[in-house]
Amino acid sequence: TRGRAYIDQTTGLVFTVLSVDVDQRASVAVKLPSKNAAEEIKVFPGWQWKFESKGSEYILTVIEINFIGDSVKIIIERAV
C-alpha cells in the first residue's frame, strides 16, 4: 500500500510503494539487503529483482498493481 514500507524479515529487503499510476505501473523504492541506499524505479506486473541475502539467492516479483487500491503485490522466493 502506498506510503507504507514492507520489510521482509527473512531477507531484510525493504519495499515501499511511492505512487501507483492508472496505466498499472508503480513507482517504488527497493532497498536490497546488500545495498546501502534504496533504488527508486517504475515497475509493472512481472518485474523482477534477483538479490542475495545471508548466502542465498532470492527473486522478488511484482505480481499485481492496483490503481484503485493504491497497492502493489509482491512475492519473494528463494531462487533455485
Side-chain angles (χ1 to χ4, degrees):
T1 304
R2 184 168 59 113
R4 182 178 262 176
Y6 167 74
I7 303 168
D8 184 66
Q9 297 300 316
T10 302
T11 64
L13 177 132
V14 181
F15 186 92
T16 307
V17 179
L18 303 174
S19 65
V20 178
D21 300 334
V22 70
D23 66 354
Q24 303 306 311
R25 294 181 187 271
S27 293
V28 301
V30 178
K31 163 69 175 68
L32 300 175
S34 62
K35 303 288 183 182
N36 290 328
E39 174 184 359
E40 291 186 23
I41 191 164
K42 188 161 264 212
V43 299
F44 49 87
W47 192 269
Q48 292 186 313
W49 284 269
K50 289 184 182 179
F51 65 96
E52 239 183 74
S53 176
K54 302 174 188 170
S56 296
E57 286 200 353
Y58 293 87
I59 299 174
L60 177 152
T61 305
V62 174
I63 57 172
E64 181 182 309
I65 296 176
N66 183 326
F67 175 72
I68 303 294
D70 235 3
S71 63
V72 176
K73 288 186 182 177
I74 62 171
I75 56 171
I76 298 173
E77 299 175 307
R78 190 181 295 235
V80 288

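Keep in mind that this is a model prediction, so the values were computed, not measured.
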> Considering the options Ile76, Thr61, Ile74, Val43, which one meets the side-chain contact (heavy atoms from CB on, under 4.5 Å) requirement together with Trp49?
Replying inline: Val43
> Of the non-hydrogen atoms in Phe67 and Val22, which two are nearest, and what is the gap between them?
Replying inline: CD1-N, 3.4 Å
> Does a side-chain heavy-atom distance below 4.5 Å link Val17 with Asp70?
Replying inline: no
> Which value, rounded to the nearest 0.5 Å, describes the distance between Arg25 atom CZ and Ser19 atom OG?
Replying inline: 12.5 Å
>> In this structure, would Ile68 and Val28 fall into the same cluster of hydrophobic residues linked by side-chain contacts under 4.5 Å?
In response: yes
> When rounded to the nearest 0.5 angstrom, what distance separates CZ in Phe51 from OG in Ser34?
Replying inline: 9.0 Å
> Which heavy-atom pair separates Leu13 from Pro33 by the least distance, and what is that distance?
Replying inline: N-CG, 4.0 Å
> How many angstroms lie between atom NZ of Lys54 and atom OG1 of Thr11, to the nearest 0.5 angstrom?
Replying inline: 7.5 Å
>> Check for me, please, whether Leu18 and Ile41 land in the same ILVMFWY cluster - side-chain distances under 4.5 Å, paths through other members count.
In response: no
> Going from CD on Gln24 to CD on Glu64, what distance comes out if it is rounded to the nearest 0.5 angstrom?
Replying inline: 8.5 Å
>> Please determine whether residues Ile63 and Trp47 belong to a single hydrophobic cluster, defined as Ile, Leu, Val, Met, Phe, Trp and Tyr linked transitively by side-chain heavy-atom distances below 4.5 Å.
In response: no
> Could you state the interatomic distance from CZ (Arg2) to OG (Ser27), rounded to the nearest 0.5 Å?
Replying inline: 11.0 Å
> Which heavy atom of Thr10 sits nearest a heavy atom of Ser53, and at what distance?
Replying inline: O-OG, 4.3 Å
> So how far is it from Glu57 CD to Ile59 CD1, rounded to the nearest 0.5 Å?
Replying inline: 8.0 Å
> Is Leu60 close to Ile75 at the side-chain level, that is, under 4.5 Å between some pair of heavy atoms?
Replying inline: no
>> Would you say the ring centers of Phe15 and Tyr6 fall short of 6.0 Å from each other?
In response: no
>> By the salt bridge (charged side-chain N to carboxylate O under 4.0 Å, His left out) test, which pairs, at least two apart or in different chains, include something from residues 41-51?
In response: Asp21-Lys42
